[in-house]
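Okay, so here's the structure we're looking at.
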Amino acid sequence: MTIRVVFLGRLADIAGTDAVELALPEGQIDWDGLLGMIGAQMAEVVHAETVKLALNGAVLPDKAALVASAGDEIALLPPVSGG
Amino acid sequence: MTIRVVFLGRLADIAGTDAVELALPEGQIDWDGLLGMIGAQMAEVVHAETVKLALNGAVLPDKAALVASAGDEIALLPPVSGG
Amino acid sequence: MPQMRDIRLLGEPFLPGALIGQFTQANPGLGGVCTFVGEVRGGIGVEALELSHYEPLTLPGMNALADRAFARFDLMGLLMVHRIGMMVPGEPIVCVSAAAAHRRDAIDAVDFCMDHLKSAAWFWKREKRRDGWHWIEPRTEDHADRARWGN
Amino acid sequence: MPQMRDIRLLGEPFLPGALIGQFTQANPGLGGVCTFVGEVRGGIGVEALELSHYEPLTLPGMNALADRAFARFDLMGLLMVHRIGMMVPGEPIVCVSAAAAHRRDAIDAVDFCMDHLKSAAWFWKREKRRDGWHWIEPRTEDHADRARWGN
């Protein structure tokens, strides 16, 4: 009963890791739930409009509408810096 | 006492040659004089605004203002067709 | 005529000339090929550059960009190769090559793909300078370049 | 930094890859290189193509075009090589390559040079088809392409 959260770009520096597995006791998690589990500093950074969220490889139009289940992969995507 | 007249592009087909040496008994020639020496068909073709004239490697802004002397090279330049 | 498409992420250094030679051979009858090769700039204090990506988005995103280029321009072939990982100054980062019957389609397709790769593709870049690593965000010009295409 | 300039008319076939490799090596520290290679198109009934030029105008004209490109864009180097003489389908006719710190200058310089080479350079082209030789005049699009640059 876990979800995987992937930190891209400078978010990996803040997290100190590329990805974490989070225990999901209730089997589901929403955006506020995720913010509560990733630490206050990371929560503040990913709250910014420029940070996007992908659920299982698809970018959500509105990350606040997130509903993730055990086994899902969430990626937190700061602004890209291109080629 | 000659001038050299070079025919570029399709003008060379009309002339049947890439270039001719024309005798210049008076030592100088103007645009009307040139038209009189290159044959009626060529004169009509080069009269068109799209045909440019270069005197010794410099394109004249107005070919009708031509004054060429013995030893000069005149080039008749139809529209270019590029690279 | 079948369209030739070659979209790749490469973890190791590549030689643009070898890619382009093969690509040109694979598009007989073409009128022109336009190619852009971007390299890690030297002489500006950058010691190394690292490009990271997110596998589930990056390659599908490049393929979607290729779809849009084929829909927008009259192309015979499109090559889009992007490095990931660690690079040093002088190393190629990106190579985009478009083959077409007419030059305008080839040049515009390369321009279009580069503008979108720069500001809309899923890559994160950091540079190592004397004082350590720095994350790079897109320049304002990059957004303006992309806006030229109406999105 | 010195600007690298290589402007040539070639009477014999050439390999664009060899030119571009040397050109890229000659511009260390660059950010990007854009290259356009135009070839004699195949599959459209053209058996051969002949490009004629007028020596006293053609090469000086290409150098003047290079001057304008250097004045207009922030370039590190510019290569402009044009074939003259007889060619068959698949053979390169023209290769323009621009090296710059930033991609927009490199791409725009190639676009600019090609538009001007197509409609303003002193070349005359004729194609051999089954029924004989035909002189080619510039297409309306070529004039429109050049007009984009304000001249």
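Convention: sequence-line order gives letters A, B, ...; per-chain numbering from 1. As a basis for the values below, the full set of heavy atoms in this structure was taken, side chains included, without hydrogen atoms, waters or symmetry mates.
- Contacts between C:Ala101 and chain D at a heavy-atom distance below 4.5 Å involve backbone atoms as well as side-chain atoms.
- For C:Val96, no part sits under 4.5 Å from any heavy atom of chain D, backbone or side chain.
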For a quick check, list the donor-acceptor atom pairs closer than 3.5 Å between chain D and chain C, or say none.
from     : atom 1 : to       : atom 2 : distance (Å)
D:Gly31  : O      : C:Glu39  : N      : 2.8
D:Val33  : N      : C:Val37  : O      : 2.8
D:Val33  : O      : C:Val37  : N      : 2.8
D:Thr35  : N      : C:Thr35  : O      : 2.8
D:Thr35  : O      : C:Thr35  : N      : 2.8
D:Val37  : N      : C:Val33  : O      : 2.8
D:Val37  : O      : C:Val33  : N      : 2.8
D:Glu39  : N      : C:Gly31  : O      : 2.8
D:Arg103 : NH1    : C:Asp142 : OD1    : 3.3
D:Arg103 : NH2    : C:Asp115 : OD1    : 2.8
D:Arg103 : NH2    : C:Asp145 : OD2    : 3.2
D:Arg104 : NE     : C:Asp145 : OD1    : 3.2
D:Arg104 : NH1    : C:Asp111 : OD1    : 3.4
D:Arg104 : NH2    : C:Asp111 : OD1    : 2.9
D:Arg104 : NH2    : C:Asp115 : OD1    : 3.0
D:Arg104 : NH2    : C:Asp115 : OD2    : 3.4
D:Asp111 : OD1    : C:Arg104 : NH1    : 3.4
D:Asp111 : OD1    : C:Arg104 : NH2    : 2.9
D:Asp115 : OD1    : C:Arg103 : NH2    : 2.8
D:Asp115 : OD1    : C:Arg104 : NH2    : 3.0
D:Asp115 : OD2    : C:Arg104 : NH2    : 3.4
D:Asp142 : OD1    : C:Arg103 : NH1    : 3.3
D:Asp145 : OD1    : C:Arg104 : NE     : 3.1
D:Asp145 : OD2    : C:Arg103 : NH2    : 3.3

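- The most heavy-atom pairs under 4.5 Å with chain D, out of C:Gly31, C:Ala98, C:Ala99, C:Gly42, come from C:Gly31.
- Counting all heavy atoms, side chain and backbone alike, C:Gly32 lies closest to D:Phe36 at CA-CZ, 3.6 Å.
- Most heavy-atom pairs under 4.5 Å with chain C: of the set D:Val110, D:Ile107, D:Val40, this distinction falls to D:Ile107.
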